[in-house]
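Just below is one structure, and these are the notes that go with it.
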Amino acid sequence: MNLDAVLDTVLDAPASGPRAHVHSRGDRFVVIDDLLPPAAFEETTAAFAALRPKPVLSTIDPVHDGFAYRGGEDKQPLTAAPDAPRWQRAVKEQITAHLDVVGARTGDDGLALTLSAWTYPAGSRLSWHNDAGAGRVGAYVYFAHQTWDASWGGGLALIDEESRDDAAHGAALVHTPVHPTLILPRPNRLVVFRARTMHSVQRVDPAAGDRTRRTWTGFITEGNTHD
């Protein structure tokens with residue numbers, strides 16, 4: 001096999017690891033575990049740790065949510081770029097494979113992806129919201145911390161139904177006929193879900209100490225191109 005053929009084979013190989021699999025799914029979400037092989041995931045966590053995110057107040061409830069940290073903002077076409085970090089290529093592969101979850105059309109070259117690094121320290125959360133508007137058809141969360149314990153909080157809670165007009169009010173959510181689904185922040189786990197799905201980040205518990213909830217998070221958008 002000549003060098004060009006070897007390079008083509010490498011570039012065509014899936015970015016997702018051989019153990020990547022669907023853990024669970026609903027009508028409006030899918031959870032994929034073991035997205036990357038262990039060595040590639042270690043590289044991803046190390047690269048994340050080298051970022052210097054800036055503190056930001058929540059746009060949902062700045063009084064009670066507390067500070068999170070944001071960095072690494074970007075926007076790209078959903079089509080995979082061969083020279084992108086492996087985690088980005090793997091996320092794009094899995095989103096492309098599960099476009100039915102977000103109600104998007106296969107082969108739509110107008111789909112784009114935003115990418116931001118988010119760090120939630122102990123005491124922080126993100127209140128219920130639905131990511132509606134701005135051409136968004138879905139969102140994703142990729143957990144990039146090396147270890148996590150269920151007692152540290154930080155779970156992604158979502159309600160697997162299209163949000164109602166009154167869903168922005170927490171009191172109204174108490175009466176929803178659908179029980180919330182709690183997705184624990186397992187390392188190397190990817191969650192993809194449809195826009196207009198109510199969701200929240202549960203508060204990170206003081207038991208986490210100096211450990212932080214780290215994710216690459218962004219939106220899947222249509223009808224526009226990358227910046």
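We use all heavy atoms of the structure for the numbers below, so side chains are in, but hydrogens, waters and symmetry mates are not.
The minimum heavy-atom distance linking A84 with R89 is given by the pair O-NE, 3.1 Å. A pairwise comparison of heavy atoms in R194 and G103 identifies NH2-N, 3.6 Å as the closest pair. In terms of heavy atoms, P185 sits closest to G154 at CG-O, 3.2 Å. Scanning both residues, Q202 and A157, for their nearest heavy atoms gives NE2-CB, 3.7 Å. Shortest non-hydrogen contact noted between R70 and W118 is CD-CZ2, 3.3 Å. Pairing each heavy atom of R86 with each of P37, the nearest pair is NH2-CG, 3.4 Å.
The side-chain contact (heavy atoms from CB on, under 4.5 Å) with V31 is formed by just one residue from the set L190, I183, V192; it is I183. With respect to W216, the ring-ring contact (aromatic ring centres under 6.0 Å, His included) criterion is satisfied by exactly one of F143, F48, Y142: F48. A side-chain hydrogen bond (donor to acceptor under 3.5 Å, both in side chains) with H199 is found for exactly one of D160, N130, D131, namely D131.
L35 is not connected to F29 by any chain of hydrophobic side-chain contacts under 4.5 Å among Ile, Leu, Val, Met, Phe, Trp and Tyr, and they are in different clusters. Side-chain heavy atoms closer than 4.5 Å link hydrophobic residues (I, L, V, M, F, W, Y) into clusters, and following such links, possibly through other members, connects F41 to V22. F193 and V137 are assigned to two separate hydrophobic clusters, defined by single-linkage of ILVMFWY side chains at heavy-atom distances under 4.5 Å. Under the 4.5 Å side-chain heavy-atom criterion for Ile, Leu, Val, Met, Phe, Trp and Tyr, Y140 and L36 are members of the same hydrophobic cluster. With hydrophobic clusters built from ILVMFWY side chains whose heavy atoms lie under 4.5 angstrom apart, V178 shares a cluster with M198.
Between the side chain of R203 and the backbone N or O of S124 there is no donor-acceptor pair closer than 3.5 Å. Formation of a donor-acceptor pair under 3.5 Å by the S58 side chain with backbone atoms of I60 is found in this model.
Looking only at side-chain heavy atoms (C-beta outward), L173 and W128 come within less than 4.5 Å of each other. Counting only heavy atoms from C-beta outward, the side chains of Q94 and S16 approach each other to under 4.5 Å. Between Q76 and Q88, the closest side-chain pair of non-hydrogen atoms falls below 4.5 Å. Within the 4.5 Å cutoff, side-chain heavy atoms of Y69 are placed close to those of P121.
For E42, the salt bridge (Lys or Arg N to Asp or Glu O under 4.0 Å) criterion is met by no residue, not counting sequence neighbours.
Taking OG of S116 as the reference point, atom CG of L51 lies at 11.0 Å (rounded to 0.5 Å). In this structure, CD in E162 is found 5.0 Å from CZ in R28, a value given to the nearest 0.5 Å. Here the NE2-CG distance, from H145 to N188, works out to 10.0 Å after rounding to the nearest 0.5 Å. Rounding to the nearest 0.5 Å places CZ of R125 at 7.0 Å from NE2 of H64. A distance of 6.5 Å separates CG in L113 from NZ in K92, rounded to the nearest 0.5 Å. With values rounded to the nearest 0.5 angstrom, L111 atom CG is found 9.5 Å from I95 atom CD1.
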* **side chain to side chain contact (heavy atoms under 4.5 Å, CB included) between L99 and L78, worked out** => CA-CA 11 Å; L99 285 177; L78 182 58; 4.2 Å; yes
* **CA sep, side-chain torsions, deciding dist, call: R25, H98, side chain to side chain contact (heavy atoms under 4.5 Å, CB included)** => CA-CA 10 Å; R25 66 179 297 155; H98 295 94; 3.9 Å; yes
* **Verdict with reasoning, T215 to V201, per side chain to side chain contact (heavy atoms under 4.5 Å, CB included)** => CA-CA 11 Å; T215 66; V201 175; over 6 Å; no
* To do: Might you work through the side chain to side chain contact (heavy atoms under 4.5 Å, CB included) test for V91 and L115, ending with a clear yes or no?
  => CA-CA 10 Å; V91 166; L115 310 102; over 6 Å; no
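For R136 and F219, the positive end sits near the middle of the six-membered ring, less than 6.0 Å away and at most 45° from its axis.
Ionic pairing of D33 and R189 is present here: one or more N-O contacts between side-chain nitrogen and carboxylate oxygen are shorter than 4.0 angstrom. Under 4.0 Å is where a charged nitrogen must lie from a carboxylate oxygen, and between R186 and D34 at least one such pair does.
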